[in-house]
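Report on one structure; see the data block that follows.
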Amino acid sequence: MAWFDEARFYHIYPLGLTGAPHTNDYILKEHRLKNIFPWVDHIKNINCNAIYIGPLFESVGHGYETTDYKKLDSRLGDNQDLKDFMDLCHKNKIRVIFDAVFNHCGRDFFAFKDLRERKEASQYRDWFCNVNFYGNNYFNDGFSYDNWGGDDGLVKLNQRNPEVKSYIQDVIRYWVKEFDVDGLRLDAADVLDFDYMKAIRQVANEVKEDFYLMGEVIHGDYTRWVNEEHLHAVTNYSMNKALWSGNNEHNFFEIAHTQRRNYDMAGQNPLGLRLYNFADNHDVERIASKVNNKTHQLLIYTLCYTLPGVPSIYYGSEFGIEGRKEKGSDWNLRPKLNIEDYSDAVENNPLTFGIKILGKVRESSPALSYGGYKELLLTNRQYAYRRRLDNENVIILLNNDDNPAWFNVDAEGIDKYYGCFGDANVSSSDGRVSIEIPANSCQILMPEELYRRFVGDEAKEKDEVKAEEKSEVEIIDEADDIDGTESESLEMADAVAEGGVDSPEETETIVEDIADIQEHEENVLDATEEGNDKANEEASEPDIETLVPRNVSYEEMTIEELQHCIFEKMRNNGPVTPEMKKTITDNIYHDSLINWVKSFR
């Protein structure tokens, strides 16, 4: 067990987020990295505890054609800015990993510049792959060389050269010493030499406890990379594709099949194959642009957070922003954003709020980090599974149909569950759990002890509210006594007036007591009025059964009006149980209710 097994990553592409120029003149003009500092509070607020950021170091364009591995990109600032950022993150208990571009470098990298200038005489000619002085390249250097992805701007490093290995190992040591980095995401790990990765892992084991190595791998048997000699984890691209296409095509079988394949590779052990789950990133189109039904985004993130692996959020996607590639360019996927423009997102954006809840769920439940996986139910449009660690059992239920669906699944020996998305208390019957999940939505069920850990301070606040409500009742009862009988203060005043006391000192004491009692009685009566006002206000809230909605479109209706319409449509199809009614009233998301009410045939 290591910190990265319980990580909830937030992925930042800094050149895009800060709006840096697309090309670098290597002159520091603006400390743009500081624009990311305010995002740390937001990252904490949505319950992420780790950041993957990069590329960071000096480059000429998009960041992956590195010029200097030991210098922050001039478009972002200087090394002190990066140190300050790392200090800020660590003070907030957020781990940080850097994008490590060790497969190739840029043409301005010192060793390649020497090769360009000195040709055959360069001491660095063997730092690069297949240098041929009888050939040429796109830039007309008078020699050819291997590149990455057909781009001569990305010069492939000779990873079998001991000097190259030693140089990259020193870079890692430098990043730890100077910036206290917690791990690396290895770019293009699926084309790295395996001995080269071993050398990187050796340094990782040396520089810092639990120094994390995660590799970008697209296809193949992930266990080739994830093992004791090479990497700790890889990107879960196979699941990434299944997430959006499985939801778009109403085909949970694709997602479940991918999960089974990964779990088999892991030897049925959640830590047998560590995976990095994501809905989108800087290389693929935004999930909001790929899903046919926007409400399915929360289902996709629920899968990311609850299937084996660690979850990641790509900056801005928690707000549901869109982004597509255009003319082969990725810059639309990497926009400039200002966190102030999203200051109320957690309160007003259901997706952002849902992701915050998922972060809290993940934080509260070790079973989601270390527990075994078991499929409980699978159809084209419904999917249920559980994660279990010892006696801690979490059940995940997903419905991507346009109609509500009833789930009846194995209770796994637990008598009662509590829902994390809205109040949903479910008791098992005959060893099974039965619950209705609204259209295009999901639920996470926890047993009581785990649920109490999840709600944390919220439960305490609810208890305090109940205690406060109880005190209001007691105050009202006390006020009735005051209003219905002669008050104690009046009785004492009469005694003074009639001379029924023995001394001036006793009279003075009684007068002070009268003042105290009168102040208390006034406070009680004030509280009574407030309690009555509150009761009247609550009584004025219409019940969805009796409410009469306005004659307007669904989009113009209030939440209560939409809830009433759904209730009526359910009632037309048969009896509406109290549980069904509660399911309606617990859904307070306008967009979700619109999709729900329109789903009835």
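Checking Tyr196, Phe109, Trp175 one by one against Phe102, the ring pair (Phe, Tyr, Trp, His ring centres under 6.0 Å) holds for a single residue, Trp175.
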Between Glu254 and Lys241, does the salt bridge (charged side-chain N to carboxylate O under 4.0 Å, His left out) criterion hold? Intermediate values first, please. CA-CA 9 Å; Glu254 180 182 5; Lys241 188 271 177 186; 2.8 Å; yes
Would Ser144 and Asn130 satisfy side chain to side chain donor-acceptor pair (under 3.5 Å), going step by step from the backbone distance to the final call? CA-CA 8 Å; Ser144 62; Asn130 294 322; over 6 Å; no
What's the verdict on side chain to side chain contact (heavy atoms under 4.5 Å, CB included) for Val203 and Arg173, showing C-alpha distance, side-chain angles and the deciding distance? CA-CA 8 Å; Val203 176; Arg173 294 187 185 100; 3.9 Å; yes
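Between the side chains of Asp182 and His90, at least one donor N or O lies within less than 3.5 Å of an accepting N or O. In this model, a donor atom of one side chain and an acceptor atom of the other lie less than 3.5 Å apart for Gln159 and Asn103. For the 3.5 Å distance criterion, the side chains of Asn136 and Asn140 qualify, holding a donor opposite an acceptor. In this structure, a donor-acceptor pair under 3.5 Å is absent between the side chains of Tyr138 and Asn147. Between the side chains of Tyr301 and Glu318, no donor-acceptor pair of N or O atoms lies under 3.5 Å. Neither side chain, Ser364 nor Lys360, offers a donor N or O lying under 3.5 Å from an acceptor on the other. For the residue pair Ser343/Asp341, the side-chain donor-acceptor check at 3.5 Å is not satisfied. Checked by atom type, the side-chain pair Tyr383/Asn400 shows no donor-acceptor distance below 3.5 Å. Side-chain atoms of Asn79 and Lys71 form no donor-acceptor pair, as typed in the model, at a separation below 3.5 Å. Ser59 and Arg75 share a side-chain donor-acceptor pair at under 3.5 Å. His250 and Asn380 share no donor-acceptor pair across their side chains, judged by distance under 3.5 Å alone.
Between Glu229 and Arg201 no salt bridge is recorded (no basic side-chain N to carboxylate O distance below 4.0 Å). Between Asp401 and Arg381 there is a salt bridge, since a side-chain N of the basic residue sits under 4.0 Å from a carboxylate O of the acidic one. Of the charged side-chain nitrogens involved, none lies within less than 4.0 Å of a carboxylate oxygen, so that Lys113 and Asp108 do not count as a salt-bridged pair. The existence of a salt bridge linking Arg260 and Glu375 is confirmed by a sub-4.0 Å separation between a basic side-chain nitrogen and an acidic carboxylate oxygen. The pair Lys208-Asp210 fails the salt-bridge criterion, with no side-chain N (NZ, NE, NH1 or NH2) lying under 4.0 Å from an Asp/Glu carboxylate O. A salt bridge does not link Arg107 with Glu65: none of the charged nitrogens is closer than 4.0 Å to a carboxylate oxygen. With respect to Arg286 and Glu322, no salt bridge is recorded, no charged nitrogen being found less than 4.0 Å from a carboxylate O.
Atom OH in Tyr145 sits 15.5 Å away from atom CG in Asn158 (nearest 0.5 Å). In this structure, CG in Asn348 is found 14.0 Å from OH in Tyr342, a value given to the nearest 0.5 Å. The distance from atom CD1 of Ile46 to atom CD1 of Ile357, rounded to the nearest 0.5 Å, is 12.0 Å. To the nearest 0.5 Å, the span separating CD on Glu555 from CG on Leu562 amounts to 8.5 Å. With rounding to the nearest 0.5 Å, the separation of OG1 in Thr295 from CD1 in Ile300 is 9.5 Å. Note that OH of Tyr373 is 5.0 Å distant from CD of Gln259, once rounded to the nearest 0.5 Å.
With a 4.5 Å cut-off on side-chain heavy atoms, His232 and Tyr276 do not count as touching. A heavy-atom distance below 4.5 Å is not found between the side chains of Val164 and Phe128.
Between Tyr237 and Phe278, the ring centre distance stays below 6.0 Å. Taking the six-membered ring for Trp and the full ring otherwise, Trp148 and Tyr64 have centroids separated by 6.0 Å or more. The six-membered or imidazole ring of His42 lies near that of Phe319, with a centre-to-centre distance under 6.0 Å. The aromatic ring centroids of Tyr174 and Tyr69 lie 6.0 Å or more from each other.
When the shell of 6.0 Å around NZ of Lys336 is examined, it contains 12 or fewer heavy atoms from other residues, nucleotides or ligands. Residue-environment remark: CZ (Arg116) exceeds the threshold of 12 foreign heavy atoms within 6.0 Å.
Not a single donor-acceptor pair under 3.5 Å links the side chain of Asn49 to the backbone N or O of Arg95.
Taking both residues in full, the closest heavy atoms of Glu285 and Leu333 are given as CA-CD2, 3.7 Å, listed atom of the first, atom of the second, then distance.
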